[in-house]
Amino acid sequence: MTNTERLSDVTTGTDTTPEGASSTEYAESRETTEGRVYNVSGGDWDDVLSDAVHDERMVINMGPQHPSTHGVLRLVLELEGETVTQLRSVIGYLHTGIEKNTEYRTWTQGVTFVTRMDYLSPLFNELGYCLAVEKLLQVEVPKRAQLIRVLLCEINRIGSHLVYIATGGMELGATTAMTLGFREREEVLHLLEFLTGLRMNHAFIRPGGVAQDLPTDAKQKISEFIKVMDKRLPLYDKLFTGQPIWRNRLKGVGYLPIDACLALGVTGPVLRSAGLPWDLRKVEPYSSYDEFEFDVPTSTDADCWGRYLCRVEEMHQSLRIIKQALKRLDEPGPVMVEDKKIAWPAQLSISSDGMGNSLEHVRKIMGQSMESLIHHFKLVTEGFKVPPGQVYAPVESPRGELGFHVVSDGGTRPMRVHVREPSFVNLQSMPAMSEGGLVADVIAAVASIDPVMGGVDR
């Protein structure tokens, strides 16, 4: 009898030893994301290993705890030496349940959930959700509110791209990228905190407008931010674009041509790096983006290098939009729709601490007008009703098309909120980018997609 004849047949899970040759029972098995796994006992595992030496392929897990997978993403790699022969993305480890949670909150409270999806660009989540709610309500947001939304989103876009450079650079060995990227992102977060009250998860963009007007010295703070970024953004070109090691790690890596992008539904910088200038701010303008002058950066490299160049140039274009918005900030106007049945906060003035209601408003609703108190109470606790229907509202987030499909049954809370999240869709391209390449290039490919797992596992 040969060595292998004494072993269990692991392809079918049946015992092929003399004692069990007549048995047709299968071994215990369980289903996993990689297929059926049998629990086969017995056999001489030294012989099994020696029998397997001819097969040089091995399967390894990269993640979900790996620092280079941008969160709890698991990549199952089949390797032949250093070459990736097969790659599978495994998601679902974060399971926040944000979409489902919105069904149990009022329309305004939904903002506090969606802002936590893609936590690197929370303002885009808020904007997309609010555009969908406003589409159902058939209300037009005041011009000043639209301007503030554009301003905040472009500041946020710069911050998001800075994290891409910082984390992507660190993963490829350029630790200075991490230091510089997060230094500049702190400037972004300080400014957003000054303008909205919070560094992240702002819940500042609300259905009907924004929570409140910008602070009185906002123009000065934004001008200071522009000066700092005008000075520091060119440093990234000096440090990386002309750097031969950086270029060699990215050029020709993670190749995904335009036809593959379209077949997989890939959008954002990954699509634009393949040569298609598809940017929703241009092709389907929203929130008065058609009133701003800016270019859509593209490349024909269709690789990690092209995606890097596109994102660096997008930061410059965002700064260009911010400068235009700054000139228009002096134009006065309301920041919330006039309809007091929708506006929340209900046309309130803010107290000196920047958070609570002003003393005049509290005095009015608590001591002078029972109707005002009832209205305030119902608007905050019950919320406003939204006409029945379903809509889809997309925005151009730093990662691509972020769309909200929102369904209303005419009540005070959503019947269904489903998000077309770009990180989730773009991750489909990982096998196409990585198979046939080296393990080290998988790191560069993931970084070039720039996925945020809070958006994937929403």
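These numbers come from the heavy atoms of this one structure, side chains and all, not from hydrogens, waters or symmetry mates. Small disclaimer: the values here were computed from a predicted structure and weren't measured.
- Look at Lys100 and Glu103 and you find a salt bridge, because one of the NZ, NE, NH1 or NH2 atoms lies within 4.0 Å of a carboxylate O, short of that distance.
- The two residues Ile322 and Ile226 come nearest to each other via the heavy atoms CG2-CD1, 3.9 Å.
- A cation-pi arrangement is absent between Arg74 and Tyr93 under the rule of less than 6.0 angstrom and at most 45 degrees off the ring axis.
- By the 4.5 Å heavy-atom criterion applied to side chains, Ser273 and Thr298 are not counted as neighbours.
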His66/Ile443 under side-chain contact (heavy atoms from CB on, under 4.5 Å): CA gap, chis, key distance, verdict: CA-CA 10 Å; His66 197 285; Ile443 310 291; 4.3 Å; yes
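- Here the CG-CG distance, from Leu214 to Leu152, works out to 6.5 Å after rounding to the nearest 0.5 Å.
- Proximity of Arg199 to Glu186: side-chain heavy atoms (C-beta onward) are separated by under 4.5 Å at one or more points.
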Derivation of the side-chain contact (heavy atoms from CB on, under 4.5 Å) call for Ile449 and Met433: CA-CA 10 Å; Ile449 293 175; Met433 283 186 187; 3.8 Å; yes
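- A donor-acceptor pair under 3.5 Å is absent between the side-chain atoms of Thr115 and the main chain of Asn125, judged by distance alone.
- Remark: of the listed residues Glu284, Glu154, Arg281, Glu154 is the sole one forming a side-chain hydrogen bond (donor to acceptor under 3.5 Å, both in side chains) with Tyr289.
- The neighbour count for Phe424 CZ, taken as heavy atoms of other residues, nucleotides or ligands under 6.0 Å away, does not exceed 12.
- For CD of Glu193, the number of neighbouring non-hydrogen atoms (other residues, nucleotides, ligands) closer than 6.0 Å is greater than 12.
- Listed for the Arg206 side chain is no donor-acceptor partner under 3.5 Å among the backbone atoms of Val111.
- A side-chain donor-acceptor contact under 3.5 Å links Arg458 to the backbone of Val419.
- The backbone N or O of Thr112 sits less than 3.5 Å from a side-chain atom of Arg116, completing a donor-acceptor pair.
- Scanning all heavy atoms of the two residues, the minimum distance from Gly209 to Val141 falls at CA-CG1, 3.9 Å.
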Donor-acceptor list for residues 160-174 side chains, cut-off 3.5 Å, not counting sequence neighbours:
from	atom 1	to	atom 2	distance (Å)
Ser160	OG	Arg399	NH1	3.4
Ser160	OG	Arg399	NH2	2.7
His161	NE2	Glu314	OE1	2.8
Thr167	OG1	Val163	O	2.7
Glu171	OE1	His70	NE2	3.2
Glu171	OE2	His70	NE2	3.3

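- Other residues, nucleotides and ligands place no more than 12 heavy atoms under 6.0 Å from the NZ atom of Lys378.
- Scanning both residues, Val84 and Ser434, for their nearest heavy atoms gives CB-O, 3.8 Å.
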Show me the donor-acceptor pairs within less than 3.5 Å that the side chains of residues 245-257 make with the rest of the protein, sequence neighbours left out.
from	atom 1	to	atom 2	distance (Å)
Arg247	NH2	Thr241	O	3.0
Asn248	ND2	Pro244	O	3.1
Arg249	NH2	Ala440	O	3.2

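- For the atom pair CD (Glu396) and CZ (Arg157), the distance works out to 6.5 Å, reported to the nearest 0.5 Å.
- No donor-acceptor pair closer than 3.5 Å links the side chain of Ser429 to the backbone N or O of Ala432.
- Taking every heavy atom of both residues into account, Met117 and Val452 meet most closely at O-CG1, 4.4 Å.
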Residue pair Asn156, Glu126: steps toward the side-chain contact (heavy atoms from CB on, under 4.5 Å) verdict: CA-CA 12 Å; Asn156 198 176; Glu126 297 172 22; over 6 Å; no
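- Note that CD1 of Ile222 and CG of Leu151 are 4.5 Å apart. Values are rounded to the nearest 0.5 Å.
- Relative to the ring axis of Phe292, Arg328 places its NZ or CZ within 45° and under 6.0 Å from the centre.
- When all heavy atoms are compared, the tightest approach of Val266 to Asn426 is CA-OD1, 3.5 Å.
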Verdict with supporting geometry, Lys385 and Thr412, side-chain contact (heavy atoms from CB on, under 4.5 Å): CA-CA 4 Å; Lys385 289 186 177 180; Thr412 57; 3.6 Å; yes
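- Separating the CZ atom in Phe384 from the CG atom in Asp339 is a distance of 9.5 Å, to the nearest 0.5 Å.
- Judged by distance alone, with hydrogens and angles left aside, the side-chain atoms of Asp118 form a donor-acceptor pair with the main-chain N or O of Leu120 at under 3.5 Å.
- For the pair Ile148 and Phe204, the minimum side-chain heavy-atom distance is below 4.5 Å.
- Remark: the backbone N or O of Gln65 is not paired with any side-chain donor or acceptor of Thr69 at under 3.5 angstrom.
- A distance of 9.0 Å separates CZ in Phe404 from OG1 in Thr102, rounded to the nearest 0.5 Å.
- Here Gln212 contributes atom CD and Thr196 contributes atom OG1; the two are 9.0 Å apart, rounded to the nearest 0.5 Å.
- Leu326 places a side-chain heavy atom less than 4.5 Å from the side chain of Ser223.
- One N or O on the side chain of Thr381 and one on the backbone of Phe377 form a donor-acceptor pair closer than 3.5 Å.
- A donor-acceptor pair is defined here as one N or O able to donate and one able to accept, closer than 3.5 Å; such a pair exists between the side chain of Asp303 and the backbone of Trp305.
- Under 3.5 Å, the side chains of Arg149 and Gln146 contain no donor-acceptor pair of N or O atoms.
- Using a 4.0 Å cut-off between charged side-chain N and carboxylate O, Arg272 and Glu313 make no salt bridge.
- Using a 4.5 Å heavy-atom threshold, the side chains of Gln243 and Leu239 count as separate.
- Ion pairing between a basic and an acidic side chain is recognised when a charged N comes within 4.0 Å of a carboxylate O; Lys323 and Glu293 show no such pairing.
- Although no hydrogens or angles enter the test, the distance criterion places no donor-acceptor pair under 3.5 Å between the side chain of Lys221 and the main chain of Leu191.
- Residues Leu180 and Arg232 fail the side-chain proximity criterion, which asks for heavy atoms closer than 4.5 Å.
- Side-chain contact between Ser448 and Tyr308 is absent, with no heavy atoms from C-beta onward closer than 4.5 Å.
- Heavy-atom neighbours of Met200 CE from other residues, nucleotides or ligands within 6.0 Å: above the threshold of 12.
- Shortest non-hydrogen contact noted between Gly208 and Pro142 is O-CD, 3.7 Å.
- In this structure the side chain of Leu73 reaches within 4.5 angstrom of the side chain of Leu427, judged on heavy atoms.
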